[in-house]
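Here's the structure, in structure tokens; my notes come after.
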Amino acid sequence: MASESQENVSGFNIQGFSDTPELHISLFVLFLVIYLIILLGNLIIFLVISCNPHLHTPMYIFLLNLSLIDISFSSNILPNLLHILLTQQNNISFLGCMIQMYVFVALAASEYFLLTAMAYDRYVAICDPLHYIARMSRKHCAGLITAAFTGGFVHSVAYLVLISKLSYCASHLINHFFCDMAALLKLSCSSTFSVELFIYIEGTLLGFSPFLLTLTSYIFIISAILKIQSSEGRQKAFSTCASHLTCVITLYGTLFCLYLRPTKNYSLQRDKYFSLLYIALGPVLNPLIYTLKNRDFQSSFNKMRL
């Protein structure tokens with residue numbers, strides 16, 4: 001797959017935050033705390049839902065899988081970044097770099113597909129509650145989750161093939177803290193026009209599909225909520241999807257800031273901080289967003305502590 005590239009480079013060096021060496025220890029402590037918070041929060045969600053059969057409903061099963069994605073997503077990037085900050089050993093093999101990039105793209109895509117499935121779940125719960133049990137059966141729920149992960153990991157293969165076939169015969173220093181596609185495209189000394197064209201076309205067709213489906217779901221949801229007569233009923237209906245909506249806004253907001261502009265106009269230094277926000281913000285906030293005011297979850301969690 002990557003014969004041409006591997007003839008030119010056997011590995012890369014990740015620059016990370018080498019421009020601020022005096023902050024390495026502080027950054028190490030900060031990112032370690034963030035990573036531990038991500039692991040703790042999402043593992044609690046996973047264990048509480050797994051160990052309480054009455055939480056084995058579509059909404060919580062989706063949330064369990066979202067927690068798994070958040071743990072995997074941050075674990076793909078942050079441990080290696082912590083190692084670089086602590087030891088200053090910033091080399092990564094070509095294969096390791098390609099795997100990291102692939103897993104990053106695959107998990108990100110899977111998360112957006114899963115959020116789309118969660119939007120559909122909220123749509124059925126609010127707009128068609130009488131048929132919710134039939135339309136969101138265990139079989140249908142499992143099918144949506146399988147489709148989300150399959151779609152994410154299969155569609156990302158194309159990125160892996162295209163990026164790995166580029167030539168990297170100039171500098172081997174990746175101006176980022178992980179193997180990001182934009183940084184690798186900047187590093188390549190071969191023409192990247194066809195690769196960038198594919199990324200924009202594929203990203204527009206496949207990337208915007210989950211966004212449009214989620215947006216459509218919420219148009220119907222908001223329309224249904226506004227038709228509820230009592231303010232108490234409207235508030236109760238909105239509270240069932242407020243957590244998901246907050247998560248969607250957070251993720252799509254950072255995604256648009258990261259990738260919706262031509263590669264030539266990228267400021268990789270600025271994108272390092274946007275990428276950190278993208279990688280850490282969702283996994284840190286999701287456990288709080290979904291559980292802070294969730295009485296069923298808090299009740300189950302308190303029972304496990306006793």
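Computed from a predicted structure; not experimentally measured. Along the sequence shown, the residues carry numbers beginning at 1.
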Same apolar cluster: [X] and [Y], side chain cutoff 4.5 Å:
{"X": "L162", "Y": "M181", "result": "yes"}
{"X": "L251", "Y": "L213", "result": "no"}
{"X": "L30", "Y": "I77", "result": "yes"}
{"X": "M59", "Y": "I133", "result": "no"}
{"X": "Y218", "Y": "I228", "result": "no"}

[X] side chain vs [Y] backbone, donor-acceptor pair below 3.5 Å:
{"X": "S74", "Y": "I71", "result": "yes"}
{"X": "R234", "Y": "I225", "result": "no"}
{"X": "S239", "Y": "K236", "result": "yes"}
{"X": "H24", "Y": "F17", "result": "yes"}
{"X": "Q15", "Y": "F177", "result": "no"}
{"X": "H56", "Y": "I61", "result": "no"}
{"X": "H155", "Y": "G152", "result": "yes"}
{"X": "T192", "Y": "S188", "result": "no"}
{"X": "H244", "Y": "L115", "result": "yes"}
{"X": "N294", "Y": "D296", "result": "yes"}

Subject >> Derivation of the side chain to side chain contact (heavy atoms under 4.5 Å, CB included) call for C179 and M98 >> reply: CA-CA 7 Å; C179 293; M98 293 299 110; 6.0 Å; no

**OP:** Output, in order, the C-alpha distance, side-chain angles, deciding distance and verdict of side chain to side chain contact (heavy atoms under 4.5 Å, CB included) for L144 and F113.
**Re:** CA-CA 9 Å; L144 288 171; F113 291 144; over 6 Å; no

When you compare the side chain of [Y] with that of [X], does any pair of heavy atoms fall below 4.5 Å?
{"X": "E111", "Y": "L107", "result": "no"}
{"X": "N52", "Y": "F301", "result": "no"}
{"X": "I174", "Y": "K186", "result": "no"}
{"X": "L185", "Y": "I163", "result": "yes"}
{"X": "N65", "Y": "I69", "result": "no"}
{"X": "L66", "Y": "F62", "result": "no"}
{"X": "F297", "Y": "I45", "result": "yes"}
{"X": "Y132", "Y": "D121", "result": "yes"}

Original post:
Is the F208 ring parallel, tilted or perpendicular to the F211 ring (thresholds 30°, 60°)?
Top reply: perpendicular

Tell me the closest heavy-atom pair linking [X] and [Y], and the distance in Å.
{"X": "M101", "Y": "L184", "answer": "SD-CD1, 3.9 Å"}
{"X": "P58", "Y": "C141", "answer": "CA-SG, 3.9 Å"}
{"X": "T240", "Y": "I126", "answer": "OG1-CD1, 3.5 Å"}
{"X": "Y278", "Y": "P283", "answer": "O-CD, 4.5 Å"}
{"X": "A224", "Y": "C127", "answer": "CB-SG, 3.8 Å"}
{"X": "A158", "Y": "F198", "answer": "CB-CZ, 3.6 Å"}

With a 6.0 Å cut-off on ring centres, are [X] and [Y] close enough?
{"X": "H140", "Y": "Y120", "result": "no"}
{"X": "Y60", "Y": "Y290", "result": "no"}
{"X": "Y168", "Y": "F12", "result": "yes"}

How long is the straight-line distance from [atom2] of [Y] back to [atom1] of [X], given to the nearest 0.5 Å?
{"X": "K165", "Y": "L160", "atom1": "NZ", "atom2": "CG", "answer": "10.0 Å"}
{"X": "I38", "Y": "L285", "atom1": "CD1", "atom2": "CG", "answer": "9.5 Å"}
{"X": "M136", "Y": "Y123", "atom1": "CE", "atom2": "OH", "answer": "12.5 Å"}
{"X": "L276", "Y": "H176", "atom1": "CG", "atom2": "NE2", "answer": "8.0 Å"}

**OP:** For side chain to side chain contact (heavy atoms under 4.5 Å, CB included), just list the numbers for K272 and N175, CA-CA rounded to whole Å, side-chain angles, deciding distance to a tenth of an Å, and then say yes or no.
**Re:** CA-CA 9 Å; K272 286 183 187 180; N175 187 15; 3.3 Å; yes

Looking only at side chains, do [X] and [Y] share a donor and an acceptor under 3.5 Å apart?
{"X": "H131", "Y": "D128", "result": "yes"}
{"X": "D70", "Y": "N286", "result": "yes"}
{"X": "H54", "Y": "S300", "result": "yes"}
{"X": "T214", "Y": "Y252", "result": "no"}

Original post:
Is the count of non-hydrogen atoms from other residues, nucleotides or ligands lying under 6.0 Å from F220 atom CZ greater than 12?
Top reply: no

Original post:
Are there more than 12 heavy atoms of other residues, nucleotides or ligands under 6.0 Å from atom CD of Q235?
Top reply: no

Original post:
Between F178 and N76, is a side chain to side chain contact (heavy atoms under 4.5 Å, CB included) present by the stated rule, with each step listed?
Top reply: CA-CA 9 Å; F178 73 104; N76 181 47; 5.9 Å; no

